[in-house]
Amino acid sequence: MLISHPAVRDACVVGVPDKRLGQVPFAAIEVPPGRPVPADDELKDLVRQSLPVYNVPVAFAAVDELPRNPALKVSLPAVAALYDARANK
């Protein structure tokens, strides 16, 4: 869904802890060089067009490259850590 946006090259959504709901979605997006980072509201609206509200990420992190494991798959724990780093700012 998120990669349908022209400024998103790749994306990964993971569940992160939430005190009230238990777990909520968080997304990391890869933005191609030279492209502006899309606004969170713009990305949320894109997701809302096709998915229920509980699937809309609560936050987004724009990265040059998604963290990958040795098999070149996106590392879900590393993406979740991006949320922790964002929350601690």
Can you find a pair of side-chain heavy atoms, one from Val56 and one from Leu51, that are under 4.5 Å apart? no
Taking side chain as C-beta onward, heavy atoms only, is Tyr54 less than 4.5 Å from Leu21? no
Return yes if some donor-acceptor pair links the side-chain N/O of Glu30 with the main-chain N/O of Val63 below 3.5 Å, else return no. no
Do you reckon Val58 sits in the same ILVMFWY cluster as Leu82, going by side-chain contacts under 4.5 Å, direct or chained? yes
How about Arg68 and Cys12: do any of their side-chain heavy atoms sit closer than 4.5 Å? no
Would you give the length of the straight line joining atom CD1 of Ile29 to atom CD1 of Ile3, rounded to the nearest 0.5 angstrom? 12.0 Å
Can you give me the closest heavy-atom contact between Ala11 and Val8, atom names plus distance? CB-CG1, 4.2 Å
Between Gln23 and Asp18, is any pair of side-chain heavy atoms under 4.5 Å apart? no
With rounding to the nearest 0.5 angstrom, report the CG to CG distance, Leu76 to Leu66. 10.5 Å
Taking a hydrophobic cluster as the set of Ile, Leu, Val, Met, Phe, Trp and Tyr residues connected by side-chain heavy atoms closer than 4.5 Å, whether directly or through intermediates, do Val47 and Val37 fall within one such cluster? yes
Side-chain heavy-atom pair Pro57, Leu43 within 4.5 angstrom cut-off: no
So which heavy atom on Pro36 is nearest to which on Ala7, and how close? O-CB, 3.7 Å
Give the intermediate values and the outcome of side-chain contact (heavy atoms from CB on, under 4.5 Å) for residues Phe26 and Val79. CA-CA 9 Å; Phe26 163 73; Val79 170; 4.2 Å; yes
Residues that Phe60 engages under ring-ring contact (aromatic ring centres under 6.0 Å, His included), provided they are two or more places apart: none
Do Arg9 and Val31 have side chains that approach each other closer than 4.5 Å (heavy atoms only, starting at C-beta)? no
Between Ser4 (side chain only) and Met1 (backbone N and O only), is there a donor and an acceptor less than 3.5 Å apart? yes
